[in-house]
Amino acid sequence: MNDGKLFASWALLPEGWAQDVLLTWDAQGALASVDTGVTPDASVPRAVGPILPGMPNLHSHAFQRGFAGLTEYRSVAPGDDPAGGDSFWSWRTLMYRFALRLSPDALEAIATQLYIEMLRAGYTSVCEFHYVHHDADGKPYADRVEMSLRLLRAAQAAGIGMTLLPVLYQTAGFGDKPAQADQRRFLNDVDAMHTLLERLAPHCAAYGARLGLAPHSLRAVPPQSLKHAVTALHAVDATAPIHIHIAEQQKEVDDCLAWCGVRPVQWLLDHMPVDQRWCLVHATHMDWDERRRLAQSGAVAGICPTTEANLGDGVFDAAPYLALGGAWGVGSDSHASVSAAEELRTFEYGQRLGLQRRNVLASERHPQVADRLWLDAVAGGTRAAARNVAGLAVGQRADFLVLDGAHPTLAGLDGPRALATHVFASHGHETLAEVRTGGVRRVQHGAHPLQAEAGRLFAEARTRLLAD
Ligand code: NGQ
Ligand code: ZN
């Protein structure tokens, strides 16, 4: 039986901090009650510190964890002017080299390690934007769902909630530019994608995962395919989430303008029924009108601050978007960093550096900037994940974190100050005592029961990949 209860002096509910909170959850791992102002009897377990809702990670390419940290050297993309220096595009060339060597076993080892790291860092669900579908020659595996199943297994082993987003990838650039040889593992036509979705639906149901679709980008999916793929997805599940990379690089915006005369976010809003089911990953480069329309659409802006910094993408201009009520959440994307707190901190710091101000994303309702960031990112991440993970409310999954109130960094602080310190002034994850998904304790005293074994398999897999 999986039902349980936990009392905490402080808990961050969707509407804000509450005191003396008793959570109870049922045998299926859903919250059955959230009561405040409670005086618990002695038999009720007490949390060692404030409780936070678990953070959904809205954007992950799990395999990229396998070479995180290994592209931080000078390398110029073919065709690039060496004087221009390294760029997103030269990084991508290195990333493709790694993707070409990946085996199913390596993917499972890397993803298992990564998902354990995510849990230890405060993420309780992940949206996996999965595009390495085929073998190294670009031929489908005997079972087309091979690589997808490895990701589902990794998520189950770690105990993280999963939204699986198989990626549709067809072209190397706007205007039907033929795919490059080093993109061969990613390619499917819309019929093959429809079949993949139909095959994956029962697997996802069996693993308790949500299935969606990710047309990779406007660069990689021509308009007709985009429309047909969304129709195919809706035949499988009319409410399924749709994620797309949209405007990460200035070159992408320029190429889109050259192709159709309008910018990528504008093109998408003009041609597709963008609503709450959509997540626009890296909506970095938007003009005022795009920003206003995206905020009004209900779609989620998928922001990946540490990856966007690492790849030199640009800064998402957050203050006006948030002022318009735009939905957003965070993803660890390339996994240069895996930490919910660090993504939020980096997001706020990008604004501070740009505007030469402090606490840019605090609001009248949430003067503590960490409260605002955490609650917004849970709400937007939940919409992107399309699972019941909207925080500490009845009917939602019992996905939550317990801060370590006994740690010197947090000792003696109330809930709001403890969260602010966790986000802005803790070193790594040592201020996280416990992480639960569906009520089950996955991380205790910062440790996951599988971490030693998973770490060993990860290191072995990476050594083999680098040797080949
Ligand atoms: C990806 N990653 O699909 O892994 C992309 C790079 C591309 C990021 N955009 C490839 N961070 O966009 O073409
Ligand atoms: Zn991505």
Side-chain angles (χ1 to χ4, degrees), residues 57-68 70-71 77-80 86-100 102 107 110-111 114 126-133 147 151 163-174 177-188 212-222 241-256 264-265 278-285 300-316 329-338 343 346 381 384:
N57 186 336
L58 60 59
H59 193 63
S60 164
H61 307 288
F63 78 91
Q64 293 179 12
R65 174 65 183 90
F67 66 97
L70 304 182
T71 55
D80 266 12
D86 281 6
S87 68
F88 172 89
W89 308 101
S90 59
W91 166 82
R92 196 176 75 159
T93 301
L94 300 179
M95 183 270 276
Y96 283 175
R97 265 186 228 158
F98 188 89
L100 280 173
L102 196 70
L107 176 62
I110 293 166
L114 172 68
V126 58
C127 300
E128 183 59 43
F129 198 108
H130 162 53
Y131 60 86
V132 185
H133 298 297
M147 294 296 251
L151 293 163
T163 299
L164 182 64
L165 304 160
V167 172
L168 180 64
Y169 203 111
Q170 299 186 316
T171 58
F174 292 97
K177 194 169 170 211
Q180 300 166 189
D182 55 6
Q183 296 167 333
R184 61 188 177 270
R185 300 190 72 172
F186 320 155
L187 308 177
N188 280 296
L213 171 73
H216 181 276
S217 54
L218 297 180
R219 290 175 272 129
V221 182
I242 304 159
H243 291 217
I244 186 168
H245 293 130
I246 194 66
E248 181 170 14
Q249 283 280 317
Q250 190 56 47
K251 178 180 186 312
E252 178 169 37
V253 176
D254 296 343
D255 289 354
C256 187
V265 173
W278 288 70
C279 177
L280 276 63
V281 182
H282 311 304
T284 313
H285 299 284
V300 179
I303 300 168
C304 307
T306 62
T307 293
E308 289 161 5
N310 183 280
L311 297 179
D313 289 342
V315 176
F316 182 89
V330 290
S332 61
D333 190 347
S334 67
H335 317 299
S337 156
V338 180
E343 292 306 335
T346 306

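Counting starts at 1 for both ligands and their atoms, following the listed order.
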S.K.: side-chain contact (heavy atoms from CB on, under 4.5 Å) between Gln249 and Asp313: does it pass, once the steps are laid out?
M.R.: CA-CA 5 Å; Gln249 283 280 317; Asp313 289 342; 2.8 Å; yes
S.K.: If the plane angle is over 60° it's perpendicular, under 30° parallel, otherwise tilted; pick one for Phe129 and His59.
M.R.: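 Ring orientation of Phe129 relative to His59: perpendicular.
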S.K.: Just go through His61, Arg92, His59 and tell me whose heavy atom is the nearest to atom 13 (O) of ligand 1.
M.R.: Arg92
S.K.: Closest by any non-hydrogen atom to atom 12 (O) of ligand 1: pick that one out of Glu252, Arg219, Gln249.
M.R.: Arg219
S.K.: Who pairs with Tyr169 by ring-ring contact (aromatic ring centres under 6.0 Å, His included), at least two apart in sequence or on another chain?
M.R.: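 Listed in chain order: Phe186, His216.
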S.K.: Considering all heavy atoms of both residues, which atom of Ala172 and which atom of Pro178 are nearest to each other, and what is their separation?
M.R.: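 Minimum heavy-atom separation between Ala172 and Pro178: CB-O, 3.2 Å.
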S.K.: Below 4.0 Å, non-hydrogen atoms only: which portion of Tyr131 touches ligand 1? Side chain, backbone, both or neither.
M.R.: side chain
S.K.: Considering only protein heavy atoms, which is closest to atom 5 (C) of ligand 1, and at what distance to one decimal place?
M.R.: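 Checking every protein heavy atom, the shortest distance to atom 5 (C) of ligand 1 gives His245 CE1, 4.0 Å.
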S.K.: Under 3.5 Å between any N/O of Trp89 and any N/O of ligand 1: does that happen in this structure?
M.R.: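 Looking only at distances, the answer is no, because the N/O contact criterion of under 3.5 Å is not met.
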S.K.: Heavy atom to atom 9 (N) of ligand 1, shortest distance: which of Glu308, Gln183, Glu248 holds it?
M.R.: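 Of the listed residues, Glu248 has the closest heavy atom.
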S.K.: Mind listing the closest non-hydrogen atom pair of Ala247 and Val265 along with its distance?
M.R.: CB-CG2, 4.2 Å
S.K.: Evaluating non-hydrogen atoms only, which member of Phe186, Phe129, Trp91 is closest to atom 6 (C) of ligand 1?
M.R.: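 Comparing heavy atoms across Phe186, Phe129, Trp91, the nearest one to atom 6 (C) of ligand 1 lies in Trp91.
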S.K.: Under 3.5 Å, is there a donor-acceptor pair between the side chain of Glu343 and the main chain of Thr306?
M.R.: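 Yes; judged by distance alone, with no hydrogens or angles, the pair exists.
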S.K.: How are the rings of Trp91 and Phe88 set relative to one another: parallel (under 30°), tilted (30 to 60°) or perpendicular (over 60°)?
M.R.: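 The arrangement is tilted - the two ring planes meet at 30° to 60°.
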S.K.: Identify which one of Gln170, His245, Glu252, Glu248 satisfies the side-chain hydrogen bond (donor to acceptor under 3.5 Å, both in side chains) criterion when paired with Arg219.
M.R.: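 By the side-chain hydrogen bond (donor to acceptor under 3.5 Å, both in side chains) criterion, Arg219 pairs with just one of Gln170, His245, Glu252, Glu248: Glu252.
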S.K.: If waters are left out, how many protein N/O/S atoms lie within less than 2.8 Å of the Zn ion (ligand 2)?
M.R.: 3
S.K.: Write out the residue and atom name of the closest protein heavy atom to atom 3 (O) of ligand 1, then the distance separating them to 0.1 Å.
M.R.: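 Of every protein heavy atom, His216 NE2, 2.7 Å lies nearest to atom 3 (O) of ligand 1.
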S.K.: Where the side chain of Ser60 meets the backbone of Glu128, is there a donor-acceptor pair that is under 3.5 Å apart?
M.R.: no
S.K.: With a cut-off of 4.0 Å, which atoms of ligand 1 are near a heavy atom of His282?
M.R.: 8 (C), 9 (N), 11 (N)
S.K.: Using a 4.0 Å heavy-atom cut-off, which part of Leu311 comes near ligand 1: side chain, backbone, both, or neither?
M.R.: side chain
S.K.: Would you mind listing which atoms of ligand 1 come within a distance below 4.0 Å of any non-hydrogen atom of Asp333?
M.R.: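 Near Asp333, meaning under 4.0 Å from one of its heavy atoms, ligand 1 has 11 (N).
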S.K.: How far apart are the closest heavy atoms of Ala384 and Leu58, and which atoms are they?
M.R.: CB-CB, 3.9 Å
S.K.: So which atom in Ala62 and which in Leu114 form the shortest heavy-atom distance, rounded to 0.1 Å?
M.R.: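 So the minimum-distance heavy-atom pair works out to CA-CD2, 3.5 Å.
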